[in-house]
Structures are given as C-alpha cells and as structure tokens.
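In what follows, a single structure is set out as structure tokens and then discussed.
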Amino acid sequence: MLDIAIIWDWIAFAVRWLHVITAMAWIGSSFYFVALDLGLKKAPDLPKGAHGEEWQVHGGGFYHIRKFLVAPANMPEHLVWFKWESYSTWLSGAALLMVVYWVGGELFLIDPAKADLALWQGILISAGSLTIGWLVYDRLCKSKLGESPTLLMLLLFALLVAMGYGYNEIFTGRATMLHLGAFTATIMTANVFFIIIPNQKIVVADLKAGRTPDAKYGKIAKLRSTHNNYLTLPVVFLMLSNHYPLAFASEYNWLIAALVFLMGVTIRHYFNTKHTGAPAPTWTWLATAILFVAIIQISMAPLQQDTWEASDARPLTSTEQVFANAEGIDDVMNIIPGRCGMCHAREPFYEGIHWAPKGMLLETKADVVRAARQIYLQAGVTNAMPPANVSFMEDGERKKIIEWYRNAREQMPFGMAATH
C-alpha cells in the first residue's frame, strides 16, 4: 500500500540530511577562511599587492597560500568560487521549512493559544518575515553605520531580539526558534548572494578589462563576511533547539536566543583573536559560562503550554475534526493517554521525566488529534514510542492506532491526506 505519510516523512528526512551536509560544508569553509585570513604572515618575497601568506600541511601535502587585498596582477585561468555551499544550505533549509513547518503547520507552526491564525496566514507570515531582516540589515550596512562596525552589530542584535520576541507572540515555541534561525540564515546567505559574490565579480571583470579594481568592494565584502562569522554558531543552536523543550518551550525562549547570540560573539572572538597570533582572550570563557548559566536559569521559568482545561475546550481545526470523528478514536483515547501520558503530560509522573519530551502533550482529545501523524508514525507503524516499550504497548493497540489514522485519512482530500 502506498502510504503517503510514510513517504512524506522520508522526504523530510532526506531534505534534513541534505541540509546538514550542506551546512557543514558552508560552516567549514567559512571558519577555514576566517582562520586563514587572520593567520596570514608577512614575507620579504611577497609579490606586489599581496597582503600575506601562510604555509599549511594537510593530507600528506604542503600548501602555500597567498592573499591579495584587491587581486593579483594576472588573473589565473582557474578560479574557485565558494558560493554554492551557502546557496545550497539556504535552499535545502527553505525546503525543510516548507516540508515540516508549512505542511505540518497545524502542529508545528500555529499556536491557537497565542494567535487565532489560519494555516495560510501563518505560512504568509513565515515566508514574508524572512525577507524583512535582510532588507533592514542591508539598508543599515549601506548607510553611514557601515563605517561603525560595533554600532552596526549592536543594531543587528537588537533586530534579532525584536524578531525573536515577535515570533514568540504568534508561533509555537519550536517555530519561534526555528524561524529566528532561518531569519538569521537568510541574512547570511543574502550577504553572499547579493554582496560578497557580486563584489568579487566586479573585481574580476575590472581585471579582465585592464582596469584597476576599487579596493572598496573587498572592504564591503569583508564586513559582511565578518558578520556571517559571528552569526554562524547561534544559527546552529537555533536549528538544534527544536529537540529541547527547555529551550523552545520556555516563556522566555526569545531571551534565551538573545543570550545565545551573545555567546556566539564571545566564542568566535576567542578563536578569531587566537588565529591572529595575539594572546587568546581567556575572559571570553568566563563570559560564555556566565551567559550559559543565565540561560539555564531562564529556562526554569514555567514552560509555555496550555492547561488541560484550555486544551479540552479548544475548538478543533477542520483537519483535527476529521481525526476526532474517525472510527477508532475512542480506542485511541483509551490507548494513548494510558501508554504515553506518563511522559507526554503537563505534569509528567514517569521517574526522571520532568517535562514532556519535545513539548508533545498527549492528554486531551485535542492534544491527540493535533499530533495524529506523529502518533501514527512513532507508535503505530514503528515501535519508536514508547521508548523500549516501557509502558508495554501491545501490537493490537498499535494496530488500532494505524486503523484509526487511516480511517481518518480516507475521509480527507488527497492534498490534506498527504500531509497529516
């Protein structure tokens, strides 16, 4: 039987895999070139226009690298452009956002307790908001603030904090952190696509035409590249945060994200300074530790979750209503709270579990039908949940979950059935 839900989950897995691979390539090349740039040394035999050089060893071979502030006198035949690492990371991330947070928006994107939004409205906000950061940031960089890098970074930080707070007012905690990461990553990739690569192409075109390239293009590109360097680690944290309710489900998740951005600065400042050969600023270790302790303290605030009464009284969406009315729902409501409720509860009582894993609550009918697809995949067609089958869910119970889910899906239009 062609099970669209299972195929869709494998598509999400494949896109996530691609996103991780491309992100590693982008981050790796970015960190490498920052370290290389900061570690360049002067030498008496440097050619005209060369800023510095470095000798490196890797894989049994030696590499002699020189950097030209503008460009070499003669353009080489073969020139490698480091751009698709960035582009493919953003494109795969955008695809993953669509597959998980747009298609599965009723569970992962929209939070009815925060904002009464239709799914299409949430998707429009999601897509539209990602462009805002770049437009504002780009305007700031092109203003006179571009000559004041520290002030510019402070304004960028304020923009990121404001967006995090705004996302948290309308989206789920998971979507808040994910979108803030995507918002930041969009700025980073746009820097590469609209500024860094075009400026480099202008320089190359000038050289080929016999003109002397303007050094300002390299200066502009260097500013944007430096910003990308300091934003990389926070983006990685935000992308991983959806696995940890203490980060995304906190009432102050936007503040946790703000402190993570500061941690990104302290961590990168340590390594960037060390790469220059200057004494490493060891104070950054203490600063990073203090910020991390502050994050832990903030995460102890009550998690963002509706009460049992609020969930039970919440109006169901049209999709949820189909699952609530499907044949087998009574059996499922006897199975899920009993087999899964000891962990996936507002007050978990399973030893060692202090909050619902991934923030997934499975107590009321509204909880269960909202998470129908995850229940089907995790506890129906696979034995992933409960872990090690600690609550002794029987094969017959898993079969009832599968039958209920498929009964509901048969009542849906094809497009809806593919995503729930």
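- Using modelled atom types and a 3.5 Å distance limit, the side chains of Ser126 and His179 yield a donor-acceptor pair.
- The number of heavy-atom neighbours closer than 6.0 Å to NZ of Lys144, taken from other residues, nucleotides and ligands shown, is 12 or below.
- In summary, Asp395 and Lys399 do not engage in a salt bridge, as defined by a charged side-chain N under 4.0 Å from a carboxylate O.
- For Trp10, the CH2 atom sits in a loose shell: 12 or fewer heavy atoms of surrounding residues, nucleotides or ligands are nearer than 6.0 Å.
- Residues Cys343 and Tyr350 share a closest heavy-atom pair of SG-CB, 3.7 Å.
- Side chains of Thr288 and Thr266: a donor on one and an acceptor on the other come within 3.5 Å.
- Looking at Pro112 and Arg370, their side chains come closer than 4.5 Å, going by heavy atoms from C-beta outward.
- Of the charged side-chain nitrogens involved, none lies within less than 4.0 Å of a carboxylate oxygen, so that Asp111 and Arg174 do not count as a salt-bridged pair.
- With salt bridges taken as basic N to acidic carboxylate O contacts below 4.0 Å, one links Glu397 and Arg339.
- For Phe193, the CZ atom sits in a loose shell: 12 or fewer heavy atoms of surrounding residues, nucleotides or ligands are nearer than 6.0 Å.
- Between the side chains of Asn168 and Lys114, at least one donor-acceptor pair of N or O atoms lies under 3.5 Å.
- When all heavy atoms are compared, the tightest approach of Glu327 to Asn407 is O-ND2, 3.1 Å.
- With a 4.5 Å cut-off on side-chain heavy atoms, Thr189 and Trp26 count as touching.
- The aromatic rings of His275 and Phe271 sit tilted relative to each other, their planes meeting at an angle between 30° and 60°.
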Fill in: Residues Ser129, Tyr167; criterion side chain to side chain donor-acceptor pair (under 3.5 Å); working and verdict
CA-CA 9 Å; Ser129 66; Tyr167 279 134; 2.6 Å; yes
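- For the 3.5 Å distance criterion, the side chains of Asn229 and Thr226 fail to qualify, holding no donor opposite an acceptor.
- Residues Glu394 and Ile335 have side chains not in contact (no heavy-atom distance under 4.5 Å, counting atoms from C-beta outward).
- Ala356 approaches Leu361 most closely through the heavy-atom pair CB-CD2, 3.8 Å.
- For Tyr165, the OH atom counts as loosely surrounded, since its 6.0 Å shell holds 12 or fewer non-hydrogen atoms of other residues, nucleotides or ligands.
- Side-chain contact check for Tyr252 and Ser299: no donor-acceptor pair (N or O, by modelled atom type) lies under 3.5 Å.
- Counting only N and O atoms by type, the side chains of Trp254 and Thr176 include no donor and acceptor under 3.5 Å apart.
- With 3.5 Å as the limit, one finds no donor-acceptor pair spanning the side chains of Trp308 and Thr364.
- Side-chain atoms of His344 and Glu363 form no donor-acceptor pair, as typed in the model, at a separation below 3.5 Å.
- One finds no salt bridge joining Glu106 and Arg373 here, because no Lys/Arg side-chain nitrogen approaches an Asp/Glu carboxylate oxygen to under 4.0 Å.
- Between the side chain of Asn389 and the main chain of Met393, a donor-acceptor pair closer than 3.5 Å is present.
- Annotation for Tyr244: atom OH does not count as buried by contact number, only 12 or fewer foreign heavy atoms lying within 6.0 Å.
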Worksheet item: Please walk me through it: do Lys400 and Asp330 pass salt bridge (Lys or Arg N to Asp or Glu O under 4.0 Å)?
Response: CA-CA 10 Å; Lys400 288 181 180 179; Asp330 291 336; over 6 Å; no
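- Side-chain atoms of Arg224 and Asn199 include no donor-acceptor pair closer than 3.5 Å.
- The shortest heavy-atom contact between Val15 and Ser92 is CG1-O, 3.5 Å.
- Taking the six-membered ring for Trp and the full ring otherwise, Phe323 and Trp404 have centroids separated by under 6.0 Å.
- Among all heavy-atom pairs drawn from Ile125 and Ile170, the shortest one is CG2-CD1, 3.6 Å.
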Practice prompt. Take Arg398 and Glu403, measure what salt bridge (Lys or Arg N to Asp or Glu O under 4.0 Å) needs, and give me the verdict at the end.
Written response: CA-CA 9 Å; Arg398 296 186 191 277; Glu403 291 174 347; over 6 Å; no
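- Each of Thr184, Val161, Leu291 was checked for a side chain to side chain contact (heavy atoms under 4.5 Å, CB included) with Phe261, and the lone residue meeting it is Thr184.
- In this structure, Leu159 and Gly133 approach most closely via the heavy-atom pair CD2-O, 4.0 Å.
- Stacking of Arg406 on the aromatic ring of Tyr376 is not recorded, the 6.0 Å distance cut-off and the 45° axial limit not both being met.
- For the pair Trp8/Val99, a side-chain contact is recorded, criterion being any heavy-atom separation below 4.5 Å from C-beta on.
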Item to complete: I would like to know whether Val322 and Glu410 meet side-chain contact (heavy atoms from CB on, under 4.5 Å); could you show each step before the answer?
Response: CA-CA 10 Å; Val322 174; Glu410 288 175 358; over 6 Å; no
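- Applying the 6.0 Å contact sphere to NZ of Lys274 captures no more than 12 heavy atoms from other residues, nucleotides or ligands.
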Practice prompt. For the pair Lys67 and Asp37, evaluate salt bridge (Lys or Arg N to Asp or Glu O under 4.0 Å) and give the outcome as yes or no after the intermediate values.
Written response: CA-CA 8 Å; Lys67 177 184 177 179; Asp37 192 54; 2.4 Å; yes
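- For CD of Glu309, the number of neighbouring non-hydrogen atoms (other residues, nucleotides, ligands) closer than 6.0 Å is greater than 12.
- Between Trp134 and Tyr137, the two ring planes are tilted [angle within 30° to 60°].
- Between Glu320 and Arg314, at least one side-chain nitrogen of the basic residue sits less than 4.0 Å from a carboxylate oxygen of the acidic one, meeting the salt-bridge criterion.
- Other residues, nucleotides and ligands contribute only 12 or fewer heavy atoms inside 6.0 Å of the NE2 atom of His58.
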